[in-house]
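Here the structure comes first, spelled out in structure tokens, and everything after it is commentary.
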There are 2 protein chains.
Amino acid sequence: MGNQDSKAPYDLIFNNVARFIDLNDEEKELFKSLLRQGSAKRKEFIMQPGEVMKYEYFVTKGCLKVYTLDRNGVEHVSMFAIEDYWTGDMASFTRQQPSTYFIKALEDSEFLMLSKQSFEQLFIKIPKFERFYRNLYQRSLVSYIERVNEGISLTAEERYEIFLAKYPQIANRITQKNLAAYLGITPEFLSMIRSKMSKR
Amino acid sequence: MGNQDSKAPYDLIFNNVARFIDLNDEEKELFKSLLRQGSAKRKEFIMQPGEVMKYEYFVTKGCLKVYTLDRNGVEHVSMFAIEDYWTGDMASFTRQQPSTYFIKALEDSEFLMLSKQSFEQLFIKIPKFERFYRNLYQRSLVSYIERVNEGISLTAEERYEIFLAKYPQIANRITQKNLAAYLGITPEFLSMIRSKMSKR
DNA sequence: GTGGAAAAATAAAGTAGTTTAAGAAAACTA
DNA sequence: TAGTTTTCTTAAACTACTTTATTTTTCCAC
């Protein structure tokens, strides 16, 4: 890839933003100036419980896992974020209070980071970003509402099939252990589901 | 209550909006003009699957239940909306596609309604409403993310206790059957949980 | 490319939550 | 205030999912 890399991440985020609002060149530059670039090696933590979420993350390469550990040390995955995904711990970021989440890179990853201060600056300097985030959150909300519904109404097998259909590009690059932690079941049971399904 | 009723609902929604943005009198009047008033008797449907969600609802009195029926005819509750809550089927409303949800009044209820067209007008005429909804959705998102996490990491008993602590004013006015449908368990099992808890 | 670690598969025993059924209590309707 | 319907409780049998343990497979760091 070489030195083209420095431009590519911004193109990705500009396109992401362009789904909901149009930016002129000047606005793009301003937006760009508020972003920081970051990276993390595979298995590296971007965030651990107790820390305050300093940034919103936009993934440009790799894959991040947002998760908690319960009191028995069992992992529960809130979301996976691959290229073109926004992520973070919104509760901690918004209120600037200690997080309860881990964020860890599952692959060598790169991302753009927007600090709380830059986030607020962005709304002041380019108010139409309110519209962008309004739309972004509206969409996320729809998918979380669906996920809650699936959780209270479907079996683990049905939820697994839905995940495969909805996020094939994520399913392909994560381990079954991580997928089980997202579905809310044990890896052993996911393994049973898969073997049962393959016998059909 | 008498004829004061006609003013009260707007005060409620103005205060709700004032959590995130300030409106002057002119803006309030404009906002008011885009709202419709509605009501429903106990047990009345506001929405049924197959219909397209025409409005976003802001409840000013009573209690609404947003739910689905699965293929076995079992109810699953997405949310309860009491006074000062916004509700609707956002997926259907946004995309103007048929809904899969029922919305039913659990009590005689009153609400303000914002049509899709008015919703869009609102953003054109009073752009800071983007900010209001950005914040509203941001908050909802935080609570749905929490709920997903509770669903995949906690037992039914723990989820029940959290609901009681978080929404005592809702727990008090709904039946256990409805609460069970929200928690994703059977009414029988909720009854067992309660009797077990009361023996401690 | 090899050794060590992590992930995945399989299976048996255990538990959280469901199903079915029937009676008791509460809550509407007339 | 009685009659009807709905909700709640209890309990026994059942199932989806967990736990624990062992073996096999995959992966990746050196």
Side-chain angles (χ1 to χ4, degrees), chain A residues 41-44 62-63 65 67 69-77 80 104-109 150-164 170-200, chain B residues 41-44 62-63 65 67 69-77 80 104-109 150-164 170-200:
Chain A
K41 286 271 166 214
R42 196 174 116 83
K43 295 188 181 176
E44 193 179 312
C63 181
K65 171 174 70 166
Y67 67 102
L69 286 186
D70 66 24
R71 64 180 149 319
N72 306 315
V74 179
E75 257 187 55
H76 304 282
V77 174
F80 300 105
K104 192 182 193 175
L106 294 181
E107 306 171 3
D108 293 352
S109 301
E150 289 162 6
I152 61 180
S153 59
L154 302 180
T155 63
E157 181 171 345
E158 291 168 319
R159 269 145 45 214
Y160 173 59
E161 283 175 336
I162 287 175
F163 185 88
L164 293 185
I170 295 180
N172 277 337
R173 53 204 275 195
I174 61 175
T175 61
Q176 280 172 228
K177 198 187 165 207
N178 279 323
L179 179 42
Y182 176 93
L183 294 173
I185 58 176
T186 58
E188 291 84 354
F189 190 55
L190 178 54
S191 182
M192 283 175 60
I193 289 172
R194 283 166 49 85
S195 94
K196 192 180 137 207
M197 280 172 60
S198 71
K199 275 166 200 154
R200 285 203 296 258
Chain B
K41 287 266 164 218
R42 197 172 115 84
K43 295 189 180 175
E44 194 178 313
C63 180
K65 170 173 73 166
Y67 68 102
L69 286 186
D70 67 23
R71 63 180 149 325
N72 307 315
V74 178
E75 257 186 54
H76 304 283
V77 174
F80 300 104
K104 193 182 193 174
L106 294 182
E107 306 171 2
D108 292 350
S109 302
E150 289 163 6
I152 62 180
S153 59
L154 303 180
T155 62
E157 180 171 346
E158 291 168 320
R159 269 146 46 216
Y160 172 58
E161 284 175 334
I162 287 175
F163 185 88
L164 292 185
I170 295 180
N172 278 336
R173 54 204 273 196
I174 62 175
T175 61
Q176 281 173 224
K177 199 187 164 205
N178 279 324
L179 179 43
Y182 176 95
L183 294 173
I185 58 175
T186 58
E188 292 84 355
F189 190 55
L190 178 54
S191 182
M192 284 174 61
I193 288 172
R194 284 166 48 85
S195 94
K196 192 180 138 205
M197 280 172 60
S198 70
K199 276 167 198 155
R200 282 204 296 258

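All chains are named by letter (A, B, ...) in the order of the sequence lines, taking the proteins before the strands, and each is independently numbered beginning at 1.
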Return a table of donor-acceptor pairs under 3.5 angstrom between the side chains of residues 151-159 of chain B and protein atoms on other chains or two or more places apart.
residue	atom	partner	partner atom	Å
B/Ser153	OG	B/Asn149	O	2.5
B/Thr155	OG1	B/Glu158	N	3.2
B/Thr155	OG1	B/Glu158	OE1	3.2
B/Glu157	OE1	B/Lys196	NZ	3.0
B/Glu157	OE2	B/Arg200	NH2	2.8
B/Glu158	OE1	B/Thr155	N	2.8
B/Glu158	OE2	A/Arg71	NH2	2.0
B/Arg159	NH1	B/Leu154	O	3.3
B/Arg159	NH2	B/Leu183	O	2.5

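- Rounded to whole Å, the distance from CG on A/Asn178 to P on C/dA6 is 14 Å.
- Whole-Å rounding puts the A/Phe189 CZ to C/dT15 C1' distance at 14 Å.
- Applying the 4.0 Å criterion to OP1 and OP2 of C/dT18, one finds that B/Thr186 has a side-chain N or O inside that range.
- Counting non-hydrogen atoms under 4.0 angstrom, B/Glu188 reaches a base of the nucleic acid.
- Atom CD1 of A/Ile152 and atom P of D/dA16 are 19 Å apart (whole Å).
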Worked check of side-chain contact (heavy atoms from CB on, under 4.5 Å) between A/Phe80 and A/Asn178: CA-CA 9 Å; A/Phe80 300 105; A/Asn178 279 323; 3.9 Å; yes

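- Within the 4.0 angstrom heavy-atom criterion, base atoms lie near A/Ser191.
- Contact annotation: A/Gln176 does not reach the phosphate of D/dT26 (side-chain N/O to OP1 or OP2, under 4.0 Å).
- No donor-acceptor distance shorter than 3.5 angstrom exists from the side chain of B/Asn72 to the backbone of B/Val74, with no hydrogens or angles considered.
- Ion pairing between B/Arg42 and B/Asp108 fails under the 4.0 Å rule for side-chain N and carboxylate O.
- With the nearest nucleotide of DNA chain C identified for both B/Met192 and B/Arg42, B/Met192 has the one nearer the 5' end.
- Regarding A/Asn72, its CG atom lies at a distance of 14 Å from the C1' atom of C/dA16, rounded to whole Å.
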